[in-house]
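Below is one structure; the comments refer to it alone.
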Amino acid sequence: MTYQLLPHRQNLTTKVDSVPTFVIQPNSSASQDDLLVKQLAGLGRRANVAQSLNEVRKHPDYGKGKSFVFVPNEAGDASLADAAIRFAEAESQNAFVVYITDTMSADAYKRLVRTNAGEWIKWDNLLQEIKDVFHGAGGTQTGSATDSATIISFLPAKGGVGNTTLALETGVYLASTQKRDARVAVLDLNFQSSTLADYVDLEPRFDIAEFIDRPERLDAQLVEILSNKHSTQVDIFSCPPRLALSHDMQAEVIFALLDEISKKYTYVLLDLPNYWHPWFDNVLQGASAVIVTGEGTVPSIRQIANKQKHLDELSIGPDRAAIVINGCQTNFLGRIDRKSEIERTFAGRQVFFVRRDTDAVTEAANTGRPMMQTSPRSSIGKNIRRIGSWIESIQTHSLKAS
Ligand SMILES: Nc1ncnc2c1ncn2[C@@H]1O[C@H](COP(=O)(O)OP(=O)(O)OP(=O)(O)O)[C@@H](O)[C@H]1O
Ligand SMILES: [Mg+2]
C-alpha cells in the first residue's frame, strides 16, 4: 500500500490543539486506550472520551471544525473497523478518523482511505504515529515522507484563468533557482484536456492507460517513462487525450501516482482541473500548499472566495494557501486595477498579482518555450518569481518543522 501519503499529510500545519479530539473507549479497562489518551495529552490535546461513535456525534464540541476521532481496537473486535469506516464515510466533512490496530485487511484499509477522511495507524510506536497523523511527517509503511516533494496544488477558480500557465512558469522558475540535484515536476491532472505539453511543444507521454487499472505498476521506472524532460529542467506530466478512460480514475490511483512521483522530486506542482472529482479534497489536504488562481473581475473574485471558503473548511489555513489574480490590467499610472480593493477582500491572505501580457504569452506560444525563458525580465516574469519565492519559503518552513 503506497497511497497513504496524502491522509498522513492531513492537517499539515493545522494548529492541532484547537481541533476537537475524541477517543472511543467502550471498555474502560483497556490499558492501551489510557495510554492513547495520555499520549494525546502529551501532545497538547485534551481528548474527549466517548463510549461510541454515536456519542461523538452528539457531543457539543463535535462539528466545530474538523475533529480527530481516534478509534482504538485493542481487543481485535472485527466489527469496529467497519464502524470506523462507515463513520468516516458519513462524517467526512466533520471528522478525520484514526483507526488503531495492529493488522487490517487490505480491503478495509482501501475503504478507509477512500473516504478521504481516515487513516490506519498501529500500536507500535504509537506516539510517533500520532504525530505523523497530526503533522503529516510521513507514513509508517512507506518510510519517511520528509524525503519527499513539496507538493503545490494550483486550484483554478474557474476555467481559462491561466492555471496551467502559472503552474508551468512557476515550475520553470523553481528549477532555475534550485541546486543541481533538485528536481521539479509539473503534473497536469486535467486528464481529458491536458494542455501542458502543448505549451512547451512536447508530445505528451503521460498515458494513464499504462496504470489506471493497475496502480501497483507505478514505480520509479514507469514514472520516468511517462514524463517529458524539458530543457528548463522541469519534468512535464501531460496526458494524450483519453476521453473514455479518465472518467474511471479512482482516488487510489491518483494517490499511488502522487506518492511515486513525490519520491523523485523536490517540487511537484499540480495543475488541477476546474471541475470537482472524488479525489480532489484529499489531494488538496495532502499538498504542502494550495494556490487558488483566478481573475480580478467581480464574478471571478466571488469564485475565488468560494474556493477559499472550501480550503478553510478543509483546515488549509492562510499559512499554506495563497491566491493569484492573473491577467491583471494596469491603469495609466502602471498600477494594477482594483488591487487594494482585492487585497481588502482577502485581508490576512497571501495575494499575488500577475499582469496580463499578451506579447510575452504570444511569443512563448509561438516558440514553444515558457515565458520565464523568452521574457524573464518582463513584469509577468517578476510576478511569477514572487510566487516561486513564496513556495520556496513554504518548503523551508516544512523542512524546519520536520
Ligand atoms: N497573464 C497572462 N497574460 C496574458 N495571457 C495569459 C496570461 N495567463 C494566461 N494567459 C493565456 O490565457 C489562456 C488560458 O491560459 P491557461 O491554459 O493557462 O488557462 P487554464 O486555466 O489552464 O485553462 P483551462 O481551464 O482550459 O485548463 C492561454 O492562451 C494563455 O496563454
Ligand atoms: Mg489548464
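All values below come from the heavy atoms of this structure, side chains included, with hydrogens, waters and symmetry mates left out. Counting starts at 1 for both ligands and their atoms, following the listed order.
- Geometrically, Arg183 engages Tyr265 in a cation-pi contact, judged by NZ or CZ lying under 6.0 Å from the ring centre and within 45° of the ring axis.
- Protein heavy atom at the shortest distance from atom 19 (O) of ligand 1 is Gly162 N, 2.9 Å.
- Of all non-hydrogen atoms in Leu196 and Val186, the two that sit nearest each other are CD2-O, 3.5 Å.
- Proximity of Pro156 to ligand 1 is not established, as no heavy-atom distance is less than 4.0 Å.
- Smallest separation of non-hydrogen atoms from Glu203 and Asn228: O-ND2, 3.0 Å.
- For His230, the ring-ring contact (aromatic ring centres under 6.0 Å, His included) criterion is met by no residue, not counting sequence neighbours.
- For Trp120 and Tyr99, the ring centers are positioned 6.0 Å apart or more.
- When only non-hydrogen protein atoms are considered, atom 22 (O) of ligand 1 lies nearest to Thr164 OG1, 2.7 Å.
- Using a 3.5 Å distance cut-off with no hydrogens or angles, the side chains of Gln373 and Thr232 do not pair a donor with an acceptor.
- Considering both main-chain and side-chain atoms, Asp357 comes within under 3.5 Å of ligand 1 through a nitrogen or oxygen pair.
- Side-chain contact of Thr150 with Ser288: a donor-acceptor pair under 3.5 Å is absent, judged by distance alone.
- Residue Leu166 does not touch ligand 1, judged by heavy-atom distances below 4.0 Å.
- A salt bridge does not link Arg355 with Asp337: every distance from a Lys NZ or Arg NE/NH1/NH2 to an Asp or Glu carboxylate oxygen is 4.0 Å or more.
- Judged by distance alone, the side chains of Ser227 and Lys229 do bring a donor and an acceptor atom under 3.5 Å apart.
- Residue contacts with ligand 1: Lys158 is excluded, as none of its non-hydrogen atoms falls under 4.0 Å.
- By the criterion of a heavy-atom distance under 4.0 Å, the side chain of Ile380, and not its backbone, is placed next to ligand 1.
- Geometrically, ligand 1 and Arg355 share a nitrogen or oxygen pair separated by less than 3.5 Å.
- Among pairs with a residue in residues 81-93, those fulfilling side chain to side chain donor-acceptor pair (under 3.5 Å) read Arg57-Glu91, Tyr62-Glu91, Asp82-Arg86, Asp82-Arg111, Glu91-Asn94, at least two apart in sequence or across chains.
- Put simply, Asn190 stays out of reach of the Mg ion (ligand 2), with no N, O or S atom under 2.8 Å from it.
- Within ligand 1, counting atoms from 1 as listed, the ones closer than 4.0 Å to a heavy atom of Asn274 are 25 (O).
- In terms of polar-atom proximity, defined here as any N/O pair under 3.5 Å, Val361 makes no such contact with ligand 1.
- With hydrogens left out, the protein atom closest to atom 7 (C) of ligand 1 is Asn326 ND2, 3.8 Å, a heavy atom.
- The nearest heavy-atom contact from the protein to atom 26 (O) of ligand 1 is Gly160 N, 4.2 Å.
- Taking every non-hydrogen atom of Gly159 and a distance limit under 4.0 Å, the qualifying atoms of ligand 1 come out as 25 (O).
- From the protein, the heavy atom lying nearest to atom 28 (C) of ligand 1 is Tyr199 OH, 3.8 Å.
- For Asn190, no nitrogen or oxygen atom sits less than 3.5 Å from a nitrogen or oxygen atom of ligand 1, counting backbone and side chain alike.
- For Val161, a nitrogen or oxygen atom sits less than 3.5 Å from a nitrogen or oxygen atom of ligand 1, counting backbone and side chain alike.
- Within the 4.5 Å cutoff, the side chain of Ile151 has heavy atoms near those of the Leu270 side chain.
- Among protein heavy atoms, the minimum distance from atom 30 (C) of ligand 1 is reached at Thr165 OG1, 3.8 Å.
- Within a 4.0 Å radius of atom 4 (C) of ligand 1, the protein has at least one heavy atom.
- No side-chain donor from either of Asn326 and Thr293 sits under 3.5 Å from a side-chain acceptor of the other.
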